*Asks:* 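Take this structure, written in structure tokens, and hold onto it; I'll ask about it next.
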Amino acid sequence: QVQLVQSGGGLVQAGGSLRLSCAVSGRIFGSYATGWFRQAPGKGREFVAAINWSGSSTAYADSVKGRFTISRDTAKNTVYLQMNTLKPEDTGIYYCAARALSFSRAWSEYPYWGQGTQVTVSS
């Protein structure tokens, strides 16, 4: 069984920074990709960023491009999301997810999910 355990998040003022972590464990077929999604109150789950296993390919939502950075540490089986210059509209529950092979921007294509963590940005 594949498990994703998230850490990080919290309350921060606008313009501040947070780093989210996602540790992946358990059996998974071949290489895997990890994506980050978020869900704000009254909105659906939206794509934030994704990275392949090697770290050679990444993708970002337009709303976070230039502010967020996704990375991974293969030795620790951990993926990170560094969030800088945070805005109030970044507030929401952040989820990490994993799927085999290449990454996707669609949440429905990720079978494995973390527990979610709250990110709140105050103005």
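Predicted, not measured: the structure shown is a model, and the values here were computed from it. FYI, side chains are in, hydrogens and waters are out, and symmetry mates aren't considered; it's all heavy atoms of this structure. FYI, the numbering just counts along the sequence from 1.
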*Asks:* Distance from Q118 atom CD to T91 atom OG1, nearest 0.5 Å?
*Replies:*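 With rounding to 0.5 Å, CD (Q118) is 7.0 Å from OG1 (T91).
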*Asks:* For T85, does its backbone N or O pair with a side-chain atom of R67 as donor and acceptor, under 3.5 Å?
*Replies:*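 Such a contact is found between R67 side chain and T85 backbone.
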*Asks:* Can you confirm whether K76 sits close enough to S21 that some side-chain heavy atom of one is under 4.5 Å from a side-chain heavy atom of the other?
*Replies:*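 No. Closest side-chain heavy atoms not under 4.5 Å.
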*Asks:* Determine, for F37 and R45, whether the Lys NZ or Arg CZ falls below 6.0 Å from the six-membered ring centre while staying within 45 degrees of the axis.
*Replies:*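 Negative - R45 is either too far from the ring of F37 or too far off its axis.
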*Asks:* Nearest 0.5 Å, what's the CD1-CD distance between I70 and Q82?
*Replies:*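 So the gap between those two atoms works out to 12.0 Å.
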*Asks:* If you compare all heavy atoms of P88 against all heavy atoms of S123, which two are closest, and at what distance to 0.1 Å?
*Replies:*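 Nearest heavy atoms, P88 then S123: CG-CB, 3.8 Å.
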*Asks:* With a 4.5 Å limit on heavy-atom distance, are the side chains of L86 and F68 in contact?
*Replies:*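 In contact.
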*Asks:* With no hydrogens and no angle check, is any side-chain donor or acceptor of R72 less than 3.5 Å from a backbone partner on S54?
*Replies:*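 Side chain of R72 to backbone of S54: a pair is present.
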*Asks:* Drop me the distance from I51's CD1 to F103's CZ, to the nearest 0.5 angstrom.
*Replies:*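 Going from the CD1 atom of I51 to the CZ atom of F103 covers 8.5 Å.
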*Asks:* What I'd like to find out is whether the side chain of V64 reaches to under 4.5 Å of the side chain of M83, using heavy atoms alone.
*Replies:*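 Result no, sub-4.5 Å side-chain heavy-atom pair not found.
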*Asks:* For residues 6-15, tabulate all N or O donor-acceptor pairs below 3.5 Å that involve a side-chain atom, not counting sequence neighbours.
*Replies:*
{"residue": "Q6", "atom": "OE1", "partner": "C96", "partner atom": "N", "Å": "3.0"}
{"residue": "Q6", "atom": "OE1", "partner": "G116", "partner atom": "N", "Å": "3.0"}
{"residue": "Q6", "atom": "NE2", "partner": "Y94", "partner atom": "O", "Å": "2.9"}

*Asks:* Please report the closest heavy-atom contact between S63 and R38, naming both atoms and the distance.
*Replies:*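 Taking S63 first and R38 second, the nearest heavy atoms are OG-NH2, 3.5 Å.
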*Asks:* May I ask you to check whether Y32 and Y112 place their ring centres under 6.0 Å from each other?
*Replies:*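 Ring centres of Y32 and Y112 not closer than 6.0 Å.
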*Asks:* Verify the cluster assignment for V121 and L20: are they in a single hydrophobic cluster under the rule of side-chain heavy atoms below 4.5 Å apart?
*Replies:*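 Yes, V121 connects to L20 through the hydrophobic network.
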*Asks:* What class does the angle between the rings of Y95 and W113 fall in, given that below 30° is parallel, 30 to 60° is tilted and above 60° is perpendicular?
*Replies:*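 If you compare the ring of Y95 with that of W113, the planes turn out perpendicular.
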*Asks:* Going from CG on N52 to OG on S57, what distance comes out if it is rounded to the nearest 0.5 angstrom?
*Replies:*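 It is 5.0 Å, given to the nearest 0.5 Å.
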*Asks:* Keeping the roles fixed (side chain from T78, backbone from A23), state whether a donor-acceptor pair exists under 3.5 Å.
*Replies:*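 No, T78 side chain to A23 backbone: no donor-acceptor pair under 3.5 Å.
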*Asks:* Would you call T69 and Y60 a side-chain contact if the rule is heavy atoms closer than 4.5 Å?
*Replies:*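 The answer is yes, as the side chains (C-beta and beyond) meet within the 4.5 Å cut-off.
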*Asks:* Hey, could you give me the OG1/CG distance between T117 and L81, rounded to the nearest 0.5 Å?
*Replies:*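 It is 11.5 Å, given to the nearest 0.5 Å.
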*Asks:* Between K65 and D62 (salt bridge meaning N to carboxylate O under 4.0 Å), is one present in this structure?
*Replies:*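 Looking at K65 and D62, the cut-off is met.
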*Asks:* Determine yes or no for a side-chain-to-main-chain donor-acceptor pair under 3.5 angstrom, with Y110 supplying the side chain and S104 the backbone.
*Replies:*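 Yes, the answer is positive, given that a donor and an acceptor are paired below the 3.5 Å cut-off.
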*Asks:* Would you say V79 ends up clustered with V48 if hydrophobic residues are merged whenever their side chains have heavy atoms under 4.5 Å apart, either directly or through other cluster members?
*Replies:*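 Result: yes, single cluster for both.
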*Asks:* Mind checking the OG-CG spacing from S25 to L4? Nearest 0.5 Å is all I need.
*Replies:*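 Reported value, rounded in 0.5 Å steps: 7.5 Å.
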